[in-house]
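Here the structure is a predicted model, which means the values were calculated and not measured. Hydrogens, waters and symmetry mates are skipped; everything else that's a heavy atom, side chains included, is used. Along the sequence shown, residues carry numbers from 1.
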Amino acid sequence: MPVVLGLLFALSAPQQAFAQKKIDNPDITVGVDGMVCPFCAYGVTKKLERIEEVEAVYVSIGNGTADLKLKDGLTLSETKIKKVIDEAGYEVRSIEYHNKAAKPKETETSD
């Protein structure tokens with residue numbers, strides 16, 4: 001019974017357990033289809049945070065987006081972003097680079 005109560009508590013208050021700091025000037029915004037709950041956002045956040053180039057992640061369930069701040073001087077390819085989102089079980093709707101320096105040159109591969 002304690003396990004069931006713990007699970008019910010966890011399901012009832014996911015947003016309190018998953019607080020994020022909004023990124024004011026993201027380098028990249030990724031549109032992600034399929035994120036409908038805090039657990040979805042948490043899973044996408046954790047996957048994106050594992051990318052070595054990523055410094056910070058902010059996921060908005062309402063907008064269906066993930067804002068990424070990259071570590072200074074690093075780039076992140078669309079291919080790598082799509083692969084990580086796909087592995088998380090979601091689909092990339094769009095990728096927008098706000099900082100041109102964050103996008104690798106077409107001849108580079110950073111997968």
* Asked: Taking all atoms of both residues into account, what is the closest heavy-atom pair of Ile28 and Leu76, and its distance?
  -> CD1-CB, 4.1 Å
* CD/Glu87: more than 12 non-hydrogen atoms of other groups inside 6.0 Å -> yes
* Any chance you could measure His98, atom NE2, to Leu68, atom CG, to the nearest 0.5 Å? => 9.0 Å
* **Residue list, salt bridge (Lys or Arg N to Asp or Glu O under 4.0 Å) with Lys103, at least two apart or on another chain** => Glu78
* Structure fact -> CG (Asp27) and NZ (Lys69) are apart, to the nearest 0.5 Å, by 4.5 Å
* Are the side chains of Val44 and Tyr90 in touch, meaning some heavy atoms are under 4.5 Å apart? -> yes
* Check side chain to side chain donor-acceptor pair (under 3.5 Å) between Thr65 and all other residues, then give those that pass, not counting sequence neighbours. => none
* Transitively linked via ILVMFWY side-chain contacts under 4.5 Å: Leu74 with Val30? -> no
* Where do Ile61 and Met35 come nearest, in terms of heavy atoms and distance? -> CG2-O, 4.0 Å
* Asked: Going by heavy atoms in the side chains, are Leu48 and Ile51 under 4.5 Å from each other?
  -> yes
* **Residues Glu53 and Lys80 bridged, charged N to O under 4.0 Å** => yes
* **Listed partners of Asp86 passing salt bridge (Lys or Arg N to Asp or Glu O under 4.0 Å), at least two apart** => none
* To do: Measure across Ala102 and Tyr97 and return the closest heavy-atom pair with its distance rounded to 0.1 Å.
  => O-CE2, 3.7 Å
* Identify the two heavy atoms, one from Thr75 and one from Ala101, that lie closest to each other, and give their separation to 0.1 Å. => CG2-O, 3.2 Å
* **Shortest non-hydrogen contact between Ser60 and Asn63, atoms and distance** => OG-N, 3.1 Å
* Asked: Just how far is it from atom CD1 of Ile23 to atom CG of Asp67, taken to the nearest 0.5 Å?
  -> 5.5 Å
* Value rounded to 0.5 Å, distance of CD in Glu49 from CD in Glu55 -> 11.5 Å
* **OG-NZ distance between Ser77 and Lys105, expressed to the nearest 0.5 angstrom** => 15.0 Å
* To do: May I ask you to check whether over 12 heavy atoms, not counting those of Lys71, lie within 6.0 Å of atom NZ?
  => yes
* For Gly34 and Cys40, work out which heavy atoms get closest and say how close. => O-SG, 4.1 Å
